[in-house]
Amino acid sequence: MNSHKVMKSLSYFSIFFAPIVVPLFIWVFADDKEVQHHAKTALTTHVLPVVSLFLSFAIFSLVQISTDSANTAGFIAFTGVISFVIFSILLFFFNIIRGVKMLVHDEAESHYITE
């Protein structure tokens, strides 16, 4: 098995054991542009749930400060939490699917432009 396949898939599969650290190291230290591209994509999909969580808390805090209605704040909080959970689950499965695709993808079929 090609080491580039393993590095690309490991970037995505690291969601299970070291979500941000492994893709960051692979992105910084990899020699191959395609491996760097996939590590950067994996890093982005690992960081996005954290960013969306902070944004959800920020929006909830702003709504709670700006409104006196507990119902409105509760509805917005509930909607934010549900949206965050759905978004995180989708990104989790995206990482698993991409990791599997990187392992079974034939190198001869690669369409990545290395300029």
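Computed over heavy atoms, backbone and side chain alike; hydrogens, waters and symmetry mates excluded.
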Worksheet item: Can you check whether V28 reaches F25 side chain to side chain, under 4.5 Å on heavy atoms?
Response: no
Discussion item. Any heavy-atom pair between the side chains of E34 and K8 that's under 4.5 Å?
Written reply: yes
Connected via hydrophobic side-chain network under 4.5 Å: [X] and [Y]:
X	Y	answer
F13	I97	no
F54	F78	no
M7	I15	yes
L10	L103	yes
I82	L91	no

Nearest 0.5 Å, please: how far is [atom2] in [Y] from [atom1] in [X]?
X	Y	atom1	atom2	answer
H37	W27	NE2	CH2	12.5 Å
F87	L55	CZ	CG	10.0 Å
H38	I26	NE2	CD1	12.0 Å
T79	F84	OG1	CZ	15.0 Å
S11	R98	OG	CZ	11.0 Å
F94	K101	CZ	NZ	8.5 Å

Can I get a per-line list of side-chain donor-acceptor pairs under 3.5 Å for residues 42-49, giving both atom names and the distance, sequence neighbours left out?
| residue | atom | partner | partner atom | Å |
| --- | --- | --- | --- | --- |
| T44 | OG1 | K40 | O | 2.9 |
| T45 | OG1 | T41 | O | 3.3 |
| T45 | OG1 | A42 | O | 2.9 |
| T45 | OG1 | N95 | OD1 | 2.9 |
| T45 | OG1 | N95 | ND2 | 3.3 |
| H46 | ND1 | P19 | O | 2.1 |
| H46 | NE2 | N95 | OD1 | 3.3 |

Response to the item:
Tightest non-hydrogen contact, residues P23 and S14, listed as CD-OG, 3.3 Å
Discussion item. For F17, is the CZ atom crowded, meaning more than 12 foreign heavy atoms sit under 6.0 Å from it?
Written reply: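 Counting other residues, nucleotides and ligands, CZ of F17 exceeds 12 neighbours.
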Practice prompt. With sequence neighbours excluded, tell me which residues meet ring-ring contact (aromatic ring centres under 6.0 Å, His included) with F92.
Written response: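 Checked F92 against ring-ring contact (aromatic ring centres under 6.0 Å, His included); matches are F16.
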